[in-house]
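Read through the structure below, which is laid out as structure tokens, and then see the notes.
As the structure lists them, so they are numbered: ligands from 1, and atoms in each ligand from 1. The first residue in the sequence is number 1, and the count goes up from there.
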Amino acid sequence: MKNILYSFIIKEFLLKRGSRNVIHTEKPTALIMIFGATGDLAKRKLFPSLYRLYQKGKLSERFAVVGVARRALSNEEFQLSVKESIEAASDKNGNHDEFISHFHYHSHDVTDSSSYLSLKQMASDLDSHYGLGGNRIFYLAMAPEFFGTIAEHLKADGLTDVAGFKRLVIEKPFGHDVESAKQLNKQIRNAFSEDEIYRIDHYLGKEMVQNIEVIRFANAIFEPLWNNRYISNIQLTSSEVLGVEERGRYYETSGALRDMVQNHMLQMVALLAMEPPIRLTTEEIRSEKVKVLRAMRPLEGDAVNEHFVRGQYGKGKIDGEEVPAYRDEPMVNPASNTETFVAGKLLIDNFRWAGVPIYIRTGKRMETKSTKIVIQFKDIPMNLYYQSEQTLNPNLLVIHIQPGEGISLYLNAKKSGQNVEATPVKLNFANKGIDGINTPEAYEKLLYDCMRGDATNFTHWDEVALSWSFVDKISEVWESEKAENFPNYESGTMGPREADQLLEKDGFFWWPVTDLNVDNC
Ligand SMILES: NC(=O)C1=CN([C@@H]2O[C@H](COP(=O)(O)OP(=O)(O)OC[C@H]3O[C@@H](n4cnc5c(N)ncnc54)[C@H](OP(=O)(O)O)[C@@H]3O)[C@@H](O)[C@H]2O)C=CC1
Ligand SMILES: O=C1O[C@H](COP(=O)(O)O)[C@@H](O)[C@H](O)[C@H]1O
């Protein structure tokens, strides 16, 4: 029985997945201008992702990259840093010379108006040299305070006057709250229209986050059950083992709520809870996600601390090593009130989800690195197969986002032998096991999507505004009340006790993410 069900699910899943996922063969042509080209993001993610696209033949020879940053570098020095970043990320022995010859450097302070004119000249020369058709992508991989200034200069100094397309890719955080996000949006909208703006949420580039839609809408067995009649609760965990590391300055003004919940966690909630779009177009999918965010019950006053728990890590042990408390990290206030952990209960007040709690939790310095979604189905009305003192396990659907990728379905089946008792069985689909290849990095997919002009996996302004409005109410309360019990969880644990109590008071518990790991098939 286990095998029959298993193969049915896998076959169904792959068939539907294949019919939906068009294989893109376009080789887009563009000038990609990376602001912040000497920074961490460019080196760790952007250059290696562009290289992988090139290696896979998804970039034609008609592309050029201009790296922009303040420090004085020659083209050769910049190309060497690109080469080093590719080697550090993956390919130590490849021949990168042809690829890196497409990279050029412009030393430029983005606050200095005069240097945009030479940047414009450089862009125009590269456009002619590589035959780029005037297509331009401006990637802002810099601190957010520069986003608005750069966008304004690009327009004022004529860099956006192009014969081809112009697109702005903008990193997180998109604002600090709804007001600052509106202000930033206004600045960039003076230079780019909404459909030219690609707001990055790298979770939307993750293979299994993109798979949420397919699992839901391509399987006859799930969608009819995807509602408050059959689902008792949903749990989303995104736990990290790393601490705040070198990012104390940024994190002190952000905290886990702004850093992870406002964007990644709420985006995953929207994908899980949205109605089937009438078409798989960017506009239709975004519009369904927006409806979920609009239906999320806002929290105010006392409701904030009834539905949300905050935590901050203290010292502890990770992999046998002592690690410091958050308050002892570099560039962190020794009396910091910043949360490094958030757990919350969300309610979506619409016909499908009324009464189904969606629990989220995310934090740094936790026991394990894991992003998982657990959908817990309601109990059957009557338990025929267990002794009265035993309870039947609920059916669970687990979507493994990372580090393992796949899905597991927990069912009850008959125990082998003469008896008629039920025993839990787990049906597993491990993504790598089936495809036999490493799935592309999120940034690789998102860069390619942007070059092709597909904004589906980027966040629309309406989503940004709604998620900030939701989160702002929580921040207001937390910023006005000092957390007297911080630090309230030891590094290397799954967060504060209050996060468990949040579910216990509803009669649930967090499914232990380490026990649910996907096995390779
Ligand atoms: N790093 C990561 O993993 C992630 C980063 N992000 C986001 O990406 C963005 C960049 O982050 P990250 O790469 O870590 O930042 P870094 O601090 O490592 O890099 C900043 C870059 O900006 C350049 N820069 C700073 N000031 C100026 C200026 N006035 N004019 C021109 N260039 C300037 C720096 O170069 P120079 O000093 O030479 O001028 C450097 O290239 C941020 O918005 C961050 O939130 C988002 C997700 C993950
Ligand atoms: O955006 C961010 O995400 C990372 C976690 O990303 P993941 O892909 O490793 O899950 C987080 O560490 C960082 O603080 C945050 O800014």
Check: Can you find an N or O of Phe146 that's nearer than 3.5 Å to an N or O of ligand 1?
Finding: no

Margin query: Is it the case that over 12 heavy atoms from other parts of the model lie below 6.0 angstrom from the CZ atom of Arg452?
Written below: yes

Notebook entry, point to check: Would you say Arg70 and ligand 1 have an N/O pair spaced under 3.5 Å apart?
Noted result: yes

Item checked: Heteroatom proximity flag, Arg71 to ligand 1, N/O under 3.5 Å -> yes

Check: Does the ring of Phe138 carry Arg136 above it, NZ/CZ under 6.0 angstrom from centre and within 45° of its axis?
Finding: no

Check: Going by the angle between their ring planes, with limits at 30° and 60°, are His102 and Phe63 parallel, tilted or perpendicular?
Finding: parallel

Notebook entry, point to check: Crowded around Lys369 NZ? As in, over 12 foreign heavy atoms under 6.0 Å?
Noted result: yes

Check: Quick one: CD1 on Ile360 to CD1 on Ile234, what's the gap to the nearest 0.5 Å?
Finding: 12.5 Å

Item checked: ligand 1 contact by Lys43, heavy-atom criterion under 4.0 angstrom -> no

Note to self: Tell me whether the count of non-hydrogen atoms from other residues, nucleotides or ligands lying under 6.0 Å of CG in Asp319 goes above 12.
What the structure shows: no

Check: Do NZ/NE/NH1/NH2 and the carboxylate oxygens of Lys445 and Glu207 come within less than 4.0 Å?
Finding: yes

Next item on the list: Around atom 8 (O) of ligand 2, find the nearest protein heavy atom and jot down its residue, atom name and distance.
Entry: Lys206 NZ, 2.6 Å

Next item on the list: Considering only non-hydrogen protein atoms, determine which one is nearest to atom 40 (C) of ligand 1 and report residue, atom name and distance to 0.1 Å.
Entry: Thr38 OG1, 3.5 Å

Item checked: Identity and distance of the protein heavy atom lying nearest atom 12 (P) of ligand 1 -> Leu41 N, 3.9 Å

Item checked: Value rounded to 0.5 Å, distance of CG in Leu293 from CH2 in Trp468 -> 13.5 Å

Item checked: Element-labelled atoms of ligand 2 that are located less than 4.0 Å from some non-hydrogen atom of His264 -> 1 (O), 2 (C), 3 (O)

Notebook entry, point to check: Which of the numbered atoms in ligand 2 are below 4.0 angstrom from a heavy atom of Tyr203?
Noted result: 6 (O), 7 (P), 8 (O), 10 (O)

Notebook entry, point to check: Can you find a non-hydrogen atom of Pro173 under 4.0 Å from ligand 1?
Noted result: yes

Margin query: Students should be able to answer this: which protein heavy-atom is nearest to atom 44 (C) of ligand 1, and at what distance?
Written below: Lys172 O, 3.6 Å

Next item on the list: Assess Asp109 for proximity to ligand 1: is some non-hydrogen atom of it under 4.0 Å away?
Entry: yes

Notebook entry, point to check: Quick one: nearest non-hydrogen protein atom to atom 12 (O) of ligand 2, plus distance?
Noted result: Glu240 OE1, 2.6 Å

Check: Is the shortest N/O to N/O distance between Val110 and ligand 1 below 3.5 Å?
Finding: yes

Next item on the list: Tell me which protein heavy atom sits closest to atom 6 (N) of ligand 1, plus the residue, atom name and distance to 0.1 Å.
Entry: Glu171 OE1, 3.8 Å

Next item on the list: Looking only at protein heavy atoms, identify the closest one to atom 42 (C) of ligand 1 and say how far it is in Å.
Entry: Met142 O, 3.3 Å

Next item on the list: Please report which non-hydrogen protein atom sits nearest to atom 23 (C) of ligand 1, along with the residue it belongs to and the distance in Å to one decimal place.
Entry: Gly36 CA, 4.0 Å

Next item on the list: Please check if any side-chain donor atom of Thr340 sits under 3.5 Å from a side-chain acceptor atom of Tyr489, or the reverse.
Entry: yes

Check: What are the atoms of ligand 2, with element, lying closer than 4.0 Å to any heavy atom of Arg247?
Finding: 13 (C), 14 (O), 16 (O)

Next item on the list: Before accepting this row, confirm whether a basic side-chain N of the pair Glu194/Arg199 lies closer than 4.0 Å to the acidic partner's carboxylate O.
Entry: yes

Notebook entry, point to check: How are the rings of Tyr116 and His108 set to each other: parallel, tilted or perpendicular (split at 30° and 60°)?
Noted result: perpendicular

Item checked: Side chain Asn233, main chain Pro357, donor-acceptor under 3.5 Å -> no

Check: Looking at Lys364, which atoms of ligand 2 are within less than 4.0 Å of one of its heavy atoms?
Finding: 11 (C), 12 (O), 13 (C), 14 (O)

Notebook entry, point to check: Any cation-pi pair here, Lys58 with Tyr448, using under 6.0 Å and within 45°?
Noted result: yes

Checklist line | Heteroatom proximity flag, Gly39 to ligand 1, N/O under 3.5 Å | finding: yes

Notebook entry, point to check: Would you say atom 17 (O) of ligand 1 touches the protein, meaning some protein heavy atom is under 4.0 Å from it?
Noted result: no

Next item on the list: Could you go through the ring-ring contact (aromatic ring centres under 6.0 Å, His included) check for Trp511 and Phe509 one step at a time?
Entry: CA-CA 6 Å; Trp511 289 94; Phe509 58 87; 4.7 Å; yes

Note to self: Regarding atom 9 (O) of ligand 2: of the candidates Lys369, Gln402, Glu441, which has the closest heavy atom?
What the structure shows: Lys369

Next item on the list: Give me the one residue out of Ile170, Leu159, Leu140, Leu168 that meets side chain to side chain contact (heavy atoms under 4.5 Å, CB included) with Ile150.
Entry: Leu140

Note to self: Please classify the Ala141 to ligand 1 contact at 4.0 Å (heavy-atom distances, strictly less than): side chain, backbone, both or neither.
What the structure shows: backbone

Next item on the list: Considering only non-hydrogen protein atoms, determine which one is nearest to atom 31 (C) of ligand 1 and report residue, atom name and distance to 0.1 Å.
Entry: His108 O, 3.1 Å

Notebook entry, point to check: Taking only heavy atoms of Arg44, which atoms of ligand 1 are found under 4.0 Å from at least one of them?
Noted result: 1 (N), 2 (C), 3 (O)

Margin query: Angle between ring planes, Tyr198 versus Phe458, binned at 30° and 60°: parallel, tilted or perpendicular?
Written below: perpendicular

Checklist line | Protein residue, atom and distance nearest to atom 3 (O) of ligand 2, heavy-atom basis | finding: His202 CE1, 3.4 Å

Next item on the list: State the atoms of ligand 2, each with its element, that fall below the 4.0 Å cut-off from a heavy-atom position in Lys172.
Entry: 1 (O), 2 (C), 15 (C), 16 (O)

Check: Ala37 heavy atoms, cut-off 4.0 Å: which ligand 1 atoms fall inside?
Finding: 41 (O)

Check: Are Tyr250 and ligand 1 in contact, using a heavy-atom cut-off of under 4.0 Å?
Finding: no

Note to self: Students should be able to answer this: which protein heavy-atom is nearest to atom 15 (O) of ligand 1, and at what distance?
What the structure shows: Asp40 N, 4.5 Å

Note to self: Using salt bridge (charged side-chain N to carboxylate O under 4.0 Å, His left out), reason through Arg258 and Glu479 one step at a time and then give a plain yes or no.
What the structure shows: CA-CA 13 Å; Arg258 292 188 175 99; Glu479 279 161 19; 3.0 Å; yes

Check: For ligand 2, which atoms sit closer than 4.0 Å to a heavy atom of Asp259?
Finding: 13 (C), 14 (O), 15 (C), 16 (O)

Next item on the list: Evaluate the ring-ring contact (aromatic ring centres under 6.0 Å, His included) criterion for residues Phe103 and Phe47: first the C-alpha distance (whole Å), next the side-chain angles of each, then the deciding distance (0.1 Å), finally the verdict.
Entry: CA-CA 10 Å; Phe103 284 69; Phe47 302 150; 5.7 Å; yes

